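What follows is one structure encoded as structure tokens, with my remarks underneath.
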Amino acid sequence: MSANPFPPGFTPKSDFLRVLGERGYIHQCSDFEGLDAAACAGTLTAYIGFDATASSYHVGNLLVMMMLRRLQQAGGKPIVVMGGGTTKVGDPSGKDETRRLLTDADIAANIESLSHVFAKLLTFGEGPSDARMIDNDAWLSRFGYVEFLRKFGPHFTINRMLSFDSVKLRLDREQPLSFLEFNYMLMQAVDFLELNRRFGCSLQMGGSDQWGNIINGVELIRRIDQKSAFALTAPLIATASGAKMGKTAAGAVWLNADLLKPYDYWQFWRNTEDADVGRFLKLYTDLPLDEIARLEALAGAEINEAKKVLATEATALIHGREAAETAAGAARAAFEQGQLSSDLPTVEIARESLAGMSNTALMVAAGFAVSNGDARRQIAGGAFRIDGVKVTDANAAVAVSGSQAELRKGNSRKRLVIV
RNA sequence: GGGGGAAUGUCCCGAGUGGCAAAGGGGGCGGACUGUAAAUCCGCUGGCGUACGCCUUCGUAGGUUCGAGUCCUACUUCCCCCA
């Protein structure tokens, strides 16, 4: 059981805080008592801001998305703020160098591609606890420079801004922090103020690296409107062996299906470390806690059953129940029955081009190697199999006679080749 | 304004006397062992070529040299001291 995230003597009365606490989402809160009272008093409206710097989110972003889902499940109203405006400036938190500036067109394209995942996790609409999505460019771009400075500048001191981790990290590493980025925290604070006024949004959530940014918003609301608002952050999730969540060989574990196939997404969860299964079930699935407790208690090789449940449930949330079952079935056929499954991710190669193709080229084509040299080294290390037969000669022609074959790299990465 | 230092393999940290594809970690990948896990041990970790090999890399741009990560000049960014 995870440690009690609440201060001594505090027991939440609201479903929202109780569930977040039980399932392990809570790292820090500006005022547990006040937030709990607000959650009990009526519909709690909370927001999380999301960057639009890439075309897909990855599992590292999933945690806070789940917090919005929990809020809605508890009767609250979630607001997704797309950072169309803030992305024009760039959040320095957690980055050790300045990102290249994105064009407005890039940002618009990213937002389009990013929005879909929220529809999977939240119910949108006009009802009291329906989710809303809003782009902060709507208000941030309206301000003139002098107007912005006069309105909000007096409420921030450089002394304090310099003390925030996002700034200190950059300074300590002797990396430049541009004035542009330095302004990011003001913009995020203004977001919170604006949402508080428009929708009565009184809570901002985020990752633990957002604490400083969120607190700035809480204080701005108190100073300008004399109202109370709250900050709540989630812990940084790492695996039991300390690796950051969501980084694998192939890069980030993307949530968009065009960047990472549901099958591979399922595999990601299937390969969870034993020690993380219970924690991840609580965070990344909707299964009830007693069911999770049962799964978590499985010992030895039986814990694999829990991992399959985790994989299927987590995949169903993002890619739908059907895709999750398909992925589970493909894995069952490929791993447990040793059969070819047409549901494995496939690589299609024309018969003519296969004729003279070397094993090296095939491995690159399958996405198992990033370069020919990499493929050669992998083959030398015995990493590559075709239909279970280890490939030994990197330069030999591919030995595939039928119309399809199973490619395998390492113990667990599989692809189907269709000729 | 003056003086002194720093920037290294585009994942991170970090050695580096003019001969360097560049020590060592971490991370990652692969092999063995397993349960598609962890731990442990071993191997790999710039690109192209079957290969003697070729190409591109040490903040940016020039220069000296047969040869430059290493020396010189200018620039960019950061740190420290003096004013």
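Residue numbers begin at 1 in each chain, while the letters A, B, ... track the order of the sequences. None of these values were measured; they are calculated from a predicted model.
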> If we take the P atom in both G53(B) and G43(B), what is their distance in whole Å?
Replying inline: 25 Å
> Between C58(B) and U8(B), how far is it from one P atom to the other, in whole Å?
Replying inline: 11 Å
> Does Glu305(A) have any salt bridge (Lys or Arg N to Asp or Glu O under 4.0 Å) partners at least two apart in sequence or in another chain, and if so, which?
Replying inline: Lys308(A)
>> Suppose we define a pair by two distances each less than 3.5 Å, Watson-Crick or G-U wobble; what does A61(B) pair with here?
In response: U73(B)
> Which pairs pass ring-ring contact (aromatic ring centres under 6.0 Å, His included) with one or both residues in residues 362-414 of chain A, sequence neighbours excluded?
Replying inline: none
> Reckon Glu302(A) touches a base, only the sugar-phosphate, or nothing at all at heavy-atom distances under 4.0 Å?
Replying inline: nothing
>> Taking the ring centre of each residue, are Phe148(A) and Phe152(A) less than 6.0 Å apart?
In response: yes
> From the list C29(B), U36(B), G35(B), which nucleotide is the closest neighbour of the side chain of Asp274(A)?
Replying inline: G35(B)
>> Under the rule for side chain to side chain donor-acceptor pair (under 3.5 Å), what residues qualify as partners of Arg294(A), not counting sequence neighbours?
In response: Glu291(A)
Let me check something: any side-chain donor-acceptor pairs from residues 320-335 of chain A under 3.5 Å, sequence neighbours excluded? List them with distances.
residue, atom, partner, partner atom, Å
Arg321(A), NH1, Glu313(A), OE2, 3.1
Arg321(A), NH2, Glu313(A), OE1, 3.2
Thr326(A), OG1, Glu322(A), O, 2.9

>> I'd like to compare against my own output: the B/S/- annotation of nucleotides 48-59 of chain B with a strict under-4.0 Å heavy-atom distance to protein.
In response: SSS---------
> Taking for each residue the nucleotide of RNA chain B with the nearest heavy atom, is it Gln378(A) or Asn271(A) whose nucleotide lies nearer the 5' end?
Replying inline: Gln378(A)
Return the polar atom pairs (N/O with N/O) between nucleotides 32-34 of chain B and the protein under 3.5 Å, or none.
residue, atom, partner, partner atom, Å
U34(B), O4, Asn411(A), ND2, 3.3

> Looking at Ile134(A), Leu68(A), Ile48(A), Leu203(A), which one forms a side-chain contact (heavy atoms from CB on, under 4.5 Å) with Ile79(A)?
Replying inline: Ile134(A)
> For Phe335(A) and Arg408(A), take the nucleotide of RNA chain B holding the closest heavy atom to each; which residue's nucleotide lies nearer the 5' end?
Replying inline: Arg408(A)
